[in-house]
Amino acid sequence: MCGHGSLIKGKIRSNVWIGYTAFMLSFPYPLLKIYWSLGGTLGGGQNFGHHSAYGEVLVFGASALLSLALVQRWGRIFPRWVPFFSGKKVPRWILITGGWIATCMTAPMGFLAIFGSVMQGLGLADGPVRFDGSGLMVSMVYGGWMLLGIALGGATWVYQQQTRSSCAQCGR
């Protein structure tokens with residue numbers, strides 16, 4: 001059995017919401033960093049005013065675009081306004097590779113933040129996060145990385161299944 005059966009295709013079509021979820025989860029962290037870089041203090045940004053948030057905005061902006069590309073038509077066929085590539089198929093390996101790399105970078109980081117907070121809360125480890133309002137906010141934002149990684153992984157898997165070629169043996 002090749003796995004191209006109608007059961008898989010039917011389930012995949014109903015899972016595009018996961019790409020939109022990943023898109024939404026791409027924003028809390030960079031927005032918090034922008035707020036801190038502008039001098040905001042809510043959530044522990046008191047010592048952050050001398051840093052910029054450009055890197056975070058670029059990385060998570062790319063994550064947001066990748067999330068949409070995985071579920072939009074322009075993630076399969078280049079739009080008319082893209083010079084030299086208009087109407088051509090998007091090489092699937094670009095989005096699949098980017099999706100899995102982003103998944104492998106965000107999900108473990110979020111898991112480690114949650115695990116570290118739990119260990120610290122149980123008194124089994126000492127850590128830098130205070131469990132007042134600011135420490136809790138930072139833990140929640142970093143914990144959102146885990147959810148982002150899971151959503152990106154799901155959207156990447158759906159895209160990978162939807163865009164694969166027909167089976168050479170059975171033709172599905």
Side-chain angles (χ1 to χ4, degrees), residues 3-4 8-38 40 43-45 48 51-79 81-119 127-129 135-165:
H4 280 272
I8 289 177
K9 288 288 185 184
K11 285 185 180 251
I12 288 171
R13 284 197 185 104
S14 65
N15 287 335
V16 295
W17 62 269
I18 200 160
Y20 295 111
T21 301
F23 174 76
M24 295 302 295
L25 288 168
S26 296
F27 292 99
Y29 181 74
L31 288 175
L32 180 63
K33 293 294 266 253
I34 289 169
Y35 168 73
W36 284 347
S37 69
L38 295 173
F48 195 78
H51 295 278
S52 68
Y54 298 127
E56 286 88 352
V57 169
L58 288 174
V59 169
F60 282 87
S63 167
L65 284 174
L66 173 64
S67 301
L68 288 178
L70 291 168
V71 296
Q72 293 287 319
R73 176 170 161 64
W74 52 268
R76 288 156 178 76
I77 305 291
F78 285 107
W81 55 267
V82 177
F84 308 110
F85 297 104
S86 176
K88 294 181 181 174
K89 286 180 74 173
V90 173
R92 69 190 288 269
W93 68 267
I94 293 172
L95 295 179
I96 292 170
T97 302
W100 288 124
I101 288 172
T103 296
C104 291
M105 291 174 67
T106 54
M109 186 68 172
F111 175 75
L112 287 173
I114 291 171
F115 179 74
S117 296
V118 168
M119 295 299 285
V129 177
L136 188 57
M137 176 182 259
V138 172
S139 294
M140 286 180 6
V141 169
Y142 278 105
W145 285 32
M146 184 177 75
L147 297 176
L148 172 60
I150 291 168
L152 272 170
T156 302
W157 183 83
V158 168
Y159 177 86
Q160 190 171 343
Q161 298 304 308
Q162 285 180 333
T163 60
R164 67 182 176 182
S165 59

Peer 1: Closest heavy-atom contact between Val16 and Val71?
Peer 2: O-CG1, 3.6 Å

Peer 1: For the pair Tyr159 (side chain) and Gly19 (backbone), establish whether a donor and an acceptor sit closer than 3.5 Å, ignoring hydrogens and angles.
Peer 2: no

Peer 1: Is the closest side-chain heavy-atom distance between Val90 and Arg76 below 4.5 Å?
Peer 2: no

Peer 1: Check whether any side-chain heavy atom of Leu70 sits under 4.5 Å from a side-chain heavy atom of Val158, and report yes or no.
Peer 2: no

Peer 1: Compare every heavy atom of Leu95 with every heavy atom of Gly75, then report the nearest pair and how far apart it is.
Peer 2: O-CD1, 3.1 Å

Peer 1: Show, in sequence, the C-alpha distance, side-chain angles and deciding distance for Leu65 and Phe23, and conclude whether the side chain to side chain contact (heavy atoms under 4.5 Å, CB included) test is met.
Peer 2: CA-CA 7 Å; Leu65 284 174; Phe23 174 76; over 6 Å; no

Peer 1: How close do Lys33 and Glu56 get, heavy atom to heavy atom, and via which atoms?
Peer 2: NZ-OE2, 3.0 Å

Peer 1: How close do Ala107 and Ile150 get, counting heavy atoms only, and between which atoms?
Peer 2: CB-N, 4.4 Å

Peer 1: Taking C-beta and beyond as the side chain, do Leu66 and Ser63 meet within less than 4.5 Å on heavy atoms?
Peer 2: no

Peer 1: Take atom CZ of Phe78 as the centre, draw a 6.0 Å sphere, and report whether it contains more than 12 heavy atoms from other residues, nucleotides or ligands.
Peer 2: yes

Peer 1: Do Phe60 and Leu148 have side chains that get closer than 4.5 Å, going by heavy atoms?
Peer 2: yes

Peer 1: Quick one: pull up CZ in Arg164 and CD1 in Ile96 and give me the separation to the nearest 0.5 Å.
Peer 2: 10.5 Å

Peer 1: Give me the ring orientation class for Trp145 and Tyr29: parallel if the planes are under 30° apart, tilted from 30 to 60°, perpendicular past 60°.
Peer 2: perpendicular

Peer 1: Quick one: sort the Phe111 and Phe115 rings into parallel, tilted or perpendicular, breaks at 30° and 60°.
Peer 2: parallel

Peer 1: Does atom CE of Met119 have more than 12 heavy-atom neighbours, drawn from other residues, nucleotides or ligands, at distances under 6.0 Å?
Peer 2: yes

Peer 1: Are any side-chain N or O atoms of Ser26 and backbone N or O atoms of Ala22, one a donor and one an acceptor, separated by less than 3.5 Å?
Peer 2: yes

Peer 1: Less than 4.5 Å apart, side chain to side chain, heavy atoms only: is that true for Met146 and Thr106?
Peer 2: no

Peer 1: Could you tell me which non-hydrogen atom of Gly149 sits nearest to which non-hydrogen atom of Thr103, and how far apart they are?
Peer 2: O-CG2, 3.3 Å

Peer 1: Could you tell me if the side chain of Trp74 sits less than 4.5 Å from the side chain of Trp81, heavy atoms only?
Peer 2: no

